[in-house]
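Order of the sequence lines sets the chain letters (A, B, ...), proteins ahead of strands, with each chain counted from 1.
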Protein chains: 2
Amino acid sequence: MPHLIDDAEALLHEHGFKITGQRTLLLQVLAGQSTYLDAEEIYELAHAQDTSISLATVYRTLNLFADLGLVDHRYIEPEHRREVFRMSEGPEQHYLTCVRCGARVLIHANLLNRMAHELVRRKGVSVITACACFTGYCPDCTAELQQTGKLPTGNSLPG
Amino acid sequence: MPHLIDDAEALLHEHGFKITGQRTLLLQVLAGQSTYLDAEEIYELAHAQDTSISLATVYRTLNLFADLGLVDHRYIEPEHRREVFRMSEGPEQHYLTCVRCGARVLIHANLLNRMAHELVRRKGVSVITACACFTGYCPDCTAELQQTGKLPTGNSLPG
DNA sequence: TTCTTTGCAAACAGTTTGCAGTGTT
DNA sequence: AACACTGCAAACTGTTTGCAAAGAA
């Protein structure tokens with residue numbers, strides 16, 4: 001984990017950006033998380049360590065990190081309004097957001113990657129970002145709703 | 001086309017909503033489009049027919065239509081901030097938005113549907129909405145950039 | 001006549017930005 | 001010492017809402 005932070009700071013330095021307390025703190029906060037957080041959540045976590053940090057700096061820093069490729073930057077909420085960020089590490093993640101309890105169900109990216117490849121091959125486009133956002137019910141809510149007869153057991157799909 | 005509008009008005013009536021000039025106008029505007037439009041664009045088109053219509057009414061009406069299942073309601077821009085709407089008709093559409101010229105490349109939904117099915121089967125979730133959003137370069141921009149050597153010919157993919 | 005719907009303007013949420021002061025290099 | 005970075009507060013964008021007037025049933 002400190003590895004990641006050192007590498008990130010090296011990258012910052014390499015690009016002529018300064019290593020400030022706020023940037024280091026935000027790297028620590030991000031490195032300690034495995035899921036996406038929104039700017040407010042990241043701000044809360046950082047603010048708990050250093051009460052002087054501002055939300056504006058959180059936004060500016062997250063955008064800087066995103067430009068440098070240090071963090072992924074996505075919109076995964078049911079209403080895709082709020083940006084969410086996480087350290088760019090490991091394979092891409094996609095989510096189904098449960099509209100009943102808010103849980104996020106992690107989705108492996110194989111199929112989406114296959115989709116991106118087909119696009120490239122068949123349409124002649126280039127893909128920069130691919131994002132799949134699902135809403136629905138998480139396994140627990142699905143089971144609960146089915147038991148109470150509020151959801152048909154033949155799982156419905158959109159369309 | 002008038003079919004669609006009649007059906008929509010019947011549905012409104014059936015749910016106890018009133019058929020107003022604004023609602024009919026917005027149905028006409030929507031029925032005349034095959035692609036997603038944002039609220040502002042829809043407002044412009046409607047306003048050209050009836051200068052008294054307001055943006056607030058456009059938003060309220062689009063939300064009502066979405067609740068009734070008359071229109072699809074999505075976030076497909078590179079920054080998924082702005083909502084877009086289109087008449088719910090025919091198969092689901094997904095897009096790649098070109099970050100260079102803004103073009104939207106239409107994507108068939110087969111693979112995304114397959115992805116949704118796998119989710120249901122493997123994770124025990126229920127899917128309500130599925131949305132795939134890609135950014136990249138459209139075929140024209142891809143070709144142009146590749147000819148000027150600004151993009152490698154082995155098309156890059158995210159990750 | 002009743003109760004929904006509308007237009008207007010103000011509110012709202014999330015994000016960005018101008019500025020003067022602070023801190024890294 | 002130079003200049004990037006920060007906090008603050010104000011601006012901005014897209015969307016929603018309270019209210020009084022207008023309109024559909």
Quiz item: At what angle, to 10 degrees, do the two end axes of the helix from C:dT1-D:dA25 to C:dT25-D:dA1 meet, given five pairs define each axis?
Solution: 30°
Quiz prompt | Residues from residues 59-70 of chain B lying under 4.0 Å of DNA chain D - heavy atoms | solution = B:Y59, B:R60, B:N63
Quiz prompt | Side-chain touch B:Y137/B:E144, heavy atoms, less than 4.5 angstrom | solution = no
Quiz prompt | Between C:dG23 (C1') and A:I53 (CD1): distance, integer Å | solution = 14 Å
Quiz item: What's the CG-P distance between A:L55 and C:dT16, to the nearest Å?
Solution: 10 Å
Quiz item: Listed by chain and number, what are the side chain to side chain donor-acceptor pair (under 3.5 Å) partners of B:D50, not counting sequence neighbours?
Solution: B:S52
Exercise. Give the rounded distance in Å between these two atoms: CD of A:E83 and C1' of C:dA13.
Key: 12 Å
Exercise. Name all residues meeting the salt bridge (Lys or Arg N to Asp or Glu O under 4.0 Å) criterion together with A:E44; count only those two or more places apart in sequence or in a different chain, and write none if there are none.
Key: none
Practice problem: With sequence neighbours excluded, tell me which residues meet side chain to side chain donor-acceptor pair (under 3.5 Å) with A:T97. | Solution: none
Self-check item: Rounded distance (Å) that lies between atom P of C:dT15 and atom CD of A:E40
Solution: 9 Å
Exercise. Tell me, please, which residues at least two apart from A:R82 pass salt bridge (Lys or Arg N to Asp or Glu O under 4.0 Å).
Key: A:D38
Quiz item: Which whole-number value in Å describes the distance from B:R23 CZ to C:dT4 C1'?
Solution: 8 Å
Quiz prompt | salt bridge (Lys or Arg N to Asp or Glu O under 4.0 Å) partners for B:R114, two or more places apart | solution = none
Quiz item: Can you check the B:H13 NE2 to C:dT4 P distance for me, whole Å?
Solution: 14 Å
Practice problem: Taking salt bridge (Lys or Arg N to Asp or Glu O under 4.0 Å) as the test, write out the residues that go with A:R81, two or more places apart. | Solution: none
Identify every side-chain donor-acceptor pair in residues 9-20 of chain B under 3.5 Å, counting partners at least two apart or on other chains, and give the distances.
residue, atom, partner, partner atom, Å
B:E9, OE2, B:T24, OG1, 2.7
B:H15, ND1, B:L11, O, 3.0
B:T20, OG1, B:R23, N, 3.2

Quiz prompt | Integer-rounded Å distance: C:dT22 C1' and A:D50 CG | solution = 14 Å
Practice problem: Taking only the side-chain nitrogens and oxygens of B:T20, find out if one of them lies under 4.0 Å from OP1 or OP2 of C:dT6. | Solution: yes
Quiz item: Got a sec, which residues hit side chain to side chain donor-acceptor pair (under 3.5 Å) with A:N63, two or more places apart in sequence or on another chain?
Solution: none
Quiz prompt | Outermost nucleotides of DNA chain D that come under 4.0 Å of a non-hydrogen atom of chain B | solution = D:dG14 to D:dA25
Exercise. Output all residues satisfying side chain to side chain donor-acceptor pair (under 3.5 Å) with B:Q28, sequence neighbours left out; order by chain, then residue number.
Key: none
Quiz item: Taking the six-membered ring for Trp, are A:F85 and A:F65 ring centroids under 6.0 Å apart?
Solution: no
Quiz item: Between B:F85 and B:F17, which has a closest nucleotide on DNA chain D that is more 5'?
Solution: B:F85
Self-check item: Separation of atom CG in B:L25 from atom P in C:dT5, rounded to whole Å
Solution: 17 Å
